[in-house]
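For reference, the structure is listed below as structure tokens.
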Amino acid sequence: MRIAVMGGDGFVGWPTSLHLSDAGHDVHILDNLSRRWIDTELGVQSLTPMDSIQERTRVWHAETGRRIHFHLIDLARDYELLKNWLAEYRPDAIIHFAEQRAAPYSMKSDRHKNYTVNNNINATHNLLNALVELNLDAHLVHLGTMGVYGYSTVGAAIPEGYLPVGVETTSGETVSQEILYPANPGSIYHMTKCLDQLLFQFYAKNDGLRITDLHQGIVWGTHTEQTRRHPQLVNRFDYDGDYGTVLNRFLIQAAIGYPLTVHGTGGQTRAFIHIQDSVRCIEIALNNPPARGSRVEIFNQMTETHRVRDLAEMIAGMTGSEIAWLPNPRKEAPENDLVVRNDKFLGLGLQPTTLQGGLLDEIVEVAKKFAYRVDRSRVPAVSAWTKDIAKTINRDPEGKKLKSVS
Ligand SMILES: NC(=O)c1ccc[n+]([C@@H]2O[C@H](COP(=O)([O-])OP(=O)(O)OC[C@H]3O[C@@H](n4cnc5c(N)ncnc54)[C@H](O)[C@@H]3O)[C@@H](O)[C@H]2O)c1
């Protein structure tokens, strides 16, 4: 297949591009490299030393003889460029990662809120609009988030996208319907993913676009089979307070002797998936497209759920780290349960990498190896969900006054 990977320079996009190229597909990355600019804005860098995208693709070619092509295009702003590219290359499938994906970054200031909404919604809409205009029947696979469901305890398993409901008619009968599971975003970033869902629903219904939406859990780990092949193929690893995801942050905190930062009671339960499983799921989704004219296919792309304080305690037990109990910068339920259905990927052959099985390797191989690159002042999470909450998070776990970027 000819596959366009939108956002293929990022944390999930890069290993996905390698995986699909390795499987024999003709892979084209479209990326505006905004994620690298955001590192510069925040004064942080990936824990792992990342080369330029051109250098990464050159090394991949030298290692494997296979080519991954790179095109510098902003999906949100360069509509004509995007449309012309799609018209010329006519991909069979498109994987859409090209969005601003950090909830804390999206809540930093009014400017960051505007940027996240403009970038994410325009990127998704430009893509859908161009597919219709060009009459291009490419299968679109989007990376959404488990966060669209919200994190409140419901006492029932979260289904894969659609909820069966009974609606009482005016004549008093009950008719059955399946509706999109009620959206319940917890940040501006999550809100854009909820809006994406509506765009997909409309374009599948109105124009028959073939769309798969993957509601992904928090991705952990760094390496996949392909990124291990050469030091310059290494994946990015974010550890900072905005882009670092909870488990990866605990790993690096343990490696540098920094207290594990638990916000609130740590009673938040979240869904997780290893990066290797994430790229496998995307391949499975590509191989199982919905039929033209059918509704959006939705998968829950996660393999296990954990409570944040249990994760911290597990890693503290393995490494002897302390735990710092900090005020929560987010506005969210202090405790929640989360039960998630993921039968579809399991039924299609996914064999999950479990956290217990993969964790120690990650600590030793990646976190300790590159610990010398960490800027400790960038570890705390400083983006607060409201101005009132901001007043409560002014010290880091080592007692220093926090710097904030906005
Ligand atoms: N990382 C996770 O834990 C996680 C969890 C759930 C869902 N997701 C979703 O998966 C996708 C990829 O996440 P990631 O962790 O790889 O993020 P990332 O920030 O590392 O990668 C996103 C890539 O998209 C590019 N990009 C952003 N806006 C663009 C635009 N307008 N035009 C072109 N390129 C653009 C960035 O430069 C970057 O290379 C995101 O949509 C995210 O919402 C990620």
Side-chain angles (χ1 to χ4, degrees), residues 4-17 28-42 44-46 48 50 52-53 56 70-79 81-82 85 94-106 115-127 140-149 185 187-197 213-222 224 235-240 242-249 270-275 277-279 281-282 285 299-303:
V5 183
M6 311 305 194
D9 187 44
F11 171 56
V12 191
W14 175 242
T16 301
S17 301
H28 292 255
I29 290 177
L30 278 71
D31 200 303
N32 66 351
L33 307 183
S34 53
R35 182 66 194 85
R36 292 178 185 252
W37 279 108
I38 291 174
D39 272 346
T40 305
E41 173 198 347
L42 299 177
V44 297
Q45 58 179 353
S46 163
T48 48
M50 278 167 75
S52 70
I53 182 68
R56 289 169 133 189
F70 169 63
H71 311 268
L72 182 65
I73 296 181
D74 186 325
L75 265 66
R77 293 207 270 194
D78 302 334
Y79 177 71
L81 219 55
L82 171 68
W85 187 89
I94 298 170
I95 310 172
H96 176 25
F97 297 102
E99 295 183 79
Q100 190 301 99
R101 70 101 174 131
Y105 184 86
S106 78
Y115 168 72
T116 303
V117 171
N118 292 339
N119 186 64
N120 294 3
I121 301 304
N122 282 328
T124 300
H125 189 260
N126 282 346
L127 198 48
L140 176 63
V141 177
H142 171 252
L143 270 290
T145 161
M146 287 294 305
V148 297
Y149 300 122
S187 72
I188 293 288
Y189 155 70
H190 290 106
M191 186 188 75
T192 65
K193 293 290 187 178
C194 295
L195 295 171
D196 280 346
Q197 288 197 98
D213 200 4
L214 303 174
H215 290 181
Q216 183 167 244
I218 298 170
V219 183
W220 67 281
T222 320
T224 60
N235 199 10
R236 69 174 302 134
F237 183 115
D238 299 305
Y239 69 86
D240 61 281
D242 283 311
Y243 276 86
T245 50
V246 59
L247 185 48
N248 278 3
R249 274 165 58 73
R270 295 291 182 265
F272 293 88
I273 184 165
H274 190 269
I275 184 78
D277 290 349
S278 176
V279 304
C281 286
I282 292 163
F299 291 83
N300 288 341
Q301 184 163 309
M302 50 70 69
T303 55

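Read the numbers this way: they start at 1 and go in the same order the structure lists the ligands and their atoms.
- Among residues at least two apart or in separate chains, salt bridge (Lys or Arg N to Asp or Glu O under 4.0 Å) pairs with a member in residues 6-15 are Asp9-Arg36, Asp9-Arg56.
- Shortest contact from atom 39 (O) of ligand 1 to any protein heavy atom: Asp31 OD2, 2.6 Å.
- When only non-hydrogen protein atoms are considered, atom 10 (O) of ligand 1 lies nearest to Leu143 CB, 3.4 Å.
- Which parts of ligand 1 touch Leu33 is read off a 4.0 Å heavy-atom cut-off, strictly below it: atoms 37 (O).
- Residue Val219 has at least one N or O atom closer than 3.5 Å to an N or O atom of ligand 1.
- Nearest protein heavy-atom neighbour of atom 16 (O) of ligand 1: Val12 N, 2.8 Å.
- Which of Met6, Arg35, Gln216, His190 comes nearest to atom 19 (O) of ligand 1 through a heavy atom is settled by distance: it is Arg35.
- Judged by the 6.0 Å and 45° rule, Arg236 forms no cation-pi pair with Tyr243.
- In terms of protein heavy-atom proximity, atom 28 (N) of ligand 1 is nearest to Asn119 ND2, 3.1 Å.
- Applying the side-chain contact (heavy atoms from CB on, under 4.5 Å) rule to Asn32 yields the partners Ser34, Asp74; only residues at least two apart in sequence or on another chain are considered.
- Atom 20 (O) of ligand 1 has as its closest protein heavy atom Phe11 N, 2.9 Å.
- For atom 24 (O) of ligand 1, the nearest non-hydrogen atom of the protein is Gly7 CA, 3.3 Å.
- Residue contacts with ligand 1: Lys193 is placed with a nitrogen or oxygen under 3.5 Å of a nitrogen or oxygen of the ligand (distance criterion only).
- Of the polar atoms of Leu75, at least one N or O is found under 3.5 Å from an N or O of ligand 1, judged by distance alone.
- Considering Ala76, Ala123, Gly10 only, the shortest heavy-atom separation from atom 21 (O) of ligand 1 involves Gly10.
- Inclusion of Gln100 in the set of residues having an N or O under 3.5 Å from an N or O of ligand 1 is not warranted.
- Of the candidates Glu99, Arg101, His215, His71, Arg101 brings a heavy atom nearest to atom 17 (O) of ligand 1.
- Neither the backbone nor the side chain of Asp238 has a heavy atom within less than 4.0 Å of ligand 1.
- Looking only at heavy atoms of the protein, atom 27 (C) of ligand 1 is closest to Ser34 OG, 3.3 Å.
- In terms of polar-atom proximity, Thr245 is not counted as a contact of ligand 1, lacking any N or O under 3.5 Å from an N or O of the ligand.
- Residue contacts with ligand 1 for Ile73 involve N, CA, C or O but no side-chain atom from C-beta outward (heavy atoms, distance under 4.0 Å).
- Looking at Asn32 next to ligand 1, an N or O pair under 3.5 Å apart turns up.
- Of the N or O atoms in Gly217, none lie within a sub-3.5 Å distance of an N or O in ligand 1.
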